[in-house]
Amino acid sequence: MKTCPNCGEIVPVKTKVCPNCGQILGGRNKYKQNWFKELTPTEIFLIILGSIMLGVFLVAL
């Protein structure tokens, strides 16, 4: 048995996804699955603005 690093649920060793919270288990993926759901409106705005500015720059080349 091993423990889920996200929620602390005890899961079988060969389990790839925590049945309680959906966290991917296995060591390689240290990031949450849905990290984008935690973005603030300001961060979303800046991502969109940066994408638009990059697009304008690439078209201007």
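Note that the structure is a prediction, hence the values are computed from the model and not measured.
Shortest non-hydrogen contact noted between G8 and T3 is O-CG2, 3.4 Å. Closest non-hydrogen pair, N20 versus C7, comes out as ND2-SG, 3.4 Å.
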Run the side-chain donor-acceptor check on residues 43-53: report pairs under 3.5 Å with partners two or more places apart or on a different chain.
{"unit_1": "E43", "atom_1": "OE1", "unit_2": "T40", "atom_2": "N", "d": "2.9"}
{"unit_1": "E43", "atom_1": "OE1", "unit_2": "T40", "atom_2": "OG1", "d": "3.4"}
{"unit_1": "S51", "atom_1": "OG", "unit_2": "I47", "atom_2": "O", "d": "2.9"}

Output side-chain donor-acceptor pairs under 3.5 Å for residues 11-19, partner residues at least two apart or in another chain, one line each.
{"unit_1": "T15", "atom_1": "OG1", "unit_2": "P12", "atom_2": "O", "d": "3.1"}

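Under the 4.5 angstrom side-chain criterion for Ile, Leu, Val, Met, Phe, Trp and Tyr, the cluster partners of M1 are I10.
Taken together through direct or relayed side-chain contacts under 4.5 Å among Ile, Leu, Val, Met, Phe, Trp and Tyr, L61 and V56 form parts of separate hydrophobic clusters.
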